[in-house]
Amino acid sequence: MVRLRELASMEDRLVSGHGLCLGCGIPVIMKVVLRATTDPIVIANATGCLEVCTSRFPWTSWRTTWMHSAFENAASTIAGVEAMYKALVRKGKIPKDKKIKFLAIGGDGGTYDIGFQALSGAAERGHDFVYICYDNNVYANTGGQRSAATPLGASATTSPAGSKIPGKMQKRKDLTQIMAAHGIPYVAQASPHRWMDLYNKAKKAFEVDGPAFLNVLTPCPLEWKYDESQGMRIANLAADTCVWPLYEVENGKYKINYFPKEKLPVIKWLEPQGRFRHLFKEENKWLIDEIQKSVDEDWERLQRLAKL
Amino acid sequence: MKKAKTLEELKNATWKELPIGTVNPDPANSLKNFTGTWRSGKKPIFKKDTCIHCLFCWVYCPDMAIIVKDGKVLGINYDYCKGCGICEVECPTKPKSIEMVKEEVTLS
Ligand code: SF4
Ligand code: SF4
């Protein structure tokens, strides 16, 4: 079991001085994930909050090899680097025992939507890489537009709650399941508030031979509209309401890593977030029931999968 | 043409002096970008007497602004702390070993 004391003694590969919002969940995730291997890491980072805020020229917050990829191709970029590494090892230009980890990072916009084709392709081709999606449920870097990860009923700038619609009218896409359906060796869903679970998952992801995918819930004070000190509490509510179950799929075998002591109603998760405020109006309350129903169904299905 | 290497050179470089592919030759140079100036209104105060050094504040701080040495919290790095207050919320001791206090804002 890893201790925070050990992690704190390691050097940051993503350093202070970045321009991410106060209270942002992304650097917390990166702090833990980038410590889950001691090998050198090469990163391809899709356009998004993390990329923009850590590489505003001439500044960089990275102390590891890092490349900016366009929204759509972080997975292709890292696949190319990994293929080159293998070729150079074959030609004897890189020693066989020189291990390097290959990591692609994207937000939900760059992963669920724009970069999905590249990700699916790289996973199918079996490159030895890890893909991390920091899922903050929205295009936070470009003005808060809805993405395929935006949950049902959330107000976003392109699905604004008003007299016509009560926020986004579609259910979010379940990308973790879609990646599991690729049959790759390791897929997991995690959250920064449970740092050890996140660390263990990142470590497994780096260690497996072949593609690994991590989907990590990322509290976003700007677009979720909550008090910025509450990020980890909100993430905790996502896990306790089963809105964001923590689980992994290792070689096809499902395992749920966290069962809430008492499964909370989704209202607890919706309440503190301004993006759901309109749901509490009398005329929109039916949608809260819909959300609850959908969360319950997904949680039931996940438990059945874990029993297979 | 001499290529820009240091932060100062990069800041003032003409396009001809930029490194090819705008490779940044100065890793982690954002450590010289003091985001502590963003803090508006509140800042964390560390109280060592009640701290149990669980390091929750360290792991959950989005700005790597909790100073830890040999597994012990030494204090807050105000050069980078943006004042979000996550450290106070996550601190498990009673009373809290990190407390957010009002801070006078000086506009520079
Ligand atoms: S969270 Fe509180 S008790 Fe834990 S190390 Fe930080 S200040 Fe100390
Ligand atoms: S207030 Fe926020 S940025 Fe400042 S030390 Fe605490 S967690 Fe870090």
Side-chain angles (χ1 to χ4, degrees), chain A residues 2-32 34-35 53-68 192-196 198-199 218-221 227-236, chain B residues 4-13 18-19 21-36 38-42 44 53-73 77 79-90 98 100:
Chain A
V2 67
R3 287 166 185 272
L4 282 179
R5 197 192 159 93
E6 275 166 60
L7 297 191
S9 71
M10 296 170 79
E11 194 174 54
D12 281 311
R13 300 200 221 206
L14 172 66
V15 303
S16 311
H18 61 72
L20 290 154
C21 295
L22 78 163
C24 175
I26 308 171
V28 180
I29 296 167
M30 293 305 144
K31 182 178 342 191
V32 174
L34 297 174
R35 282 171 162 80
C53 297
T54 57
S55 66
R56 195 165 46 96
F57 199 82
W59 306 101
T60 173
S61 303
W62 297 92
R63 191 156 31 207
T64 188
T65 308
W66 179 94
M67 275 165 289
H68 169 210
H193 80 283
R194 291 189 84 83
W195 67 268
M196 199 184 295
L198 173 62
Y199 175 87
T218 309
C220 171
D227 178 294
E228 65 270 357
S229 66
Q230 298 299 313
M232 296 304 133
R233 298 299 92 217
I234 301 253
N236 193 34
Chain B
K5 280 212 180 79
T6 63
L7 184 61
E8 280 318 304
E9 287 169 358
L10 289 167
K11 273 186 183 168
N12 300 314
L18 284 180
T22 50
V23 170
N24 196 325
D26 191 17
N29 67 9
S30 73
L31 286 169
K32 293 177 211 148
N33 182 34
F34 302 118
T35 52
W38 291 24
R39 249 186 351 269
S40 60
K42 50 181 185 151
H53 303 287
C54 64
L55 305 191
F56 287 169
C57 55
W58 173 81
V59 73
Y60 296 123
C61 169
D63 285 282
M64 286 66 88
I66 305 286
I67 308 164
V68 174
K69 200 164 172 251
D70 302 326
K72 298 251 183 302
V73 176
N77 189 336
D79 283 348
Y80 307 116
C81 165
K82 291 175 188 157
C84 66
I86 289 182
C87 49
E88 181 196 54
V89 170
E90 298 307 319
I98 293 185
M100 299 303 286

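Residue numbering restarts at 1 for every chain, and letters A, B, ... go by the order of the sequence lines.
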Contacting moiety of [X], where chain B heavy atoms sit under 4.5 Å:
X	answer
Leu7(A)	both
Ser16(A)	both
Arg3(A)	neither
Val15(A)	both

I'd like to verify something: which residue of [options] has the highest number of heavy-atom pairs under 4.5 Å with chain B?
options	answer
Pro192(A), Gly25(A), Pro221(A), Gly19(A)	Gly19(A)
Arg35(A), Gln230(A), His68(A)	Arg35(A)
Lys31(A), Arg5(A), Arg63(A)	Lys31(A)
Arg56(A), Arg233(A), Arg13(A), Glu6(A)	Arg233(A)

**Message:** Shorter than 4.5 Å, heavy atoms on both sides: which option in Phe34(B), Trp38(B), Phe56(B) has the most such pairs with chain A?
**Reply:**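 Highest number of heavy-atom pairs under 4.5 Å: Trp38(B).
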**Fill in**
Heaviest contributor of heavy-atom pairs below 4.5 Å to chain A, chosen from Asp26(B), Asp63(B), Leu18(B), is Asp63(B)
**Asked** Any side-chain heavy-atom pair from Asn236(A) and Met232(A) closer than 4.5 angstrom?
**Response**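 The answer is no, as the side chains (C-beta and beyond) never meet within the 4.5 Å cut-off.
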**Item:** Close side-chain approach of Pro62(B) and Leu20(A), heavy atoms under 4.5 Å
**Value:**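 No, too far: nothing below the 4.5 Å cut-off.
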Under 4.5 Å heavy-atom distance to chain A, tell me which part of [X] shows up: side chain, backbone, both or neither.
X	value
Lys32(B)	both
Cys61(B)	both
Val68(B)	side chain

Distance from [X] atom [atom1] to [Y] atom [atom2], nearest 0.5 Å?
X	Y	atom1	atom2	result
Cys24(A)	Ile29(A)	SG	CD1	8.0 Å
Glu90(B)	Ile98(B)	CD	CD1	10.5 Å
Asn24(B)	Thr60(A)	CG	OG1	5.5 Å

**Item:** Leu22(A) backbone acceptor or donor facing Glu228(A) side chain under 3.5 Å
**Value:**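 No; judged by distance alone, with no hydrogens or angles, the pair does not exist.
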**Test item: Tyr60(B) side-chain N/O and Val28(A) main-chain N/O as donor-acceptor pair under 3.5 Å** =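 A pair under 3.5 Å: no.
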**Donor-acceptor side-chain pairing of Ser55(A) and Trp62(A) below 3.5 angstrom** =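 Absent: no donor and acceptor within the cut-off.
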**Asked** Does the side chain of Ser61(A) pick up a donor-acceptor pair with the side chain of Ser30(B) at under 3.5 Å?
**Response**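 Side chains of Ser61(A) and Ser30(B): pair found under 3.5 Å.
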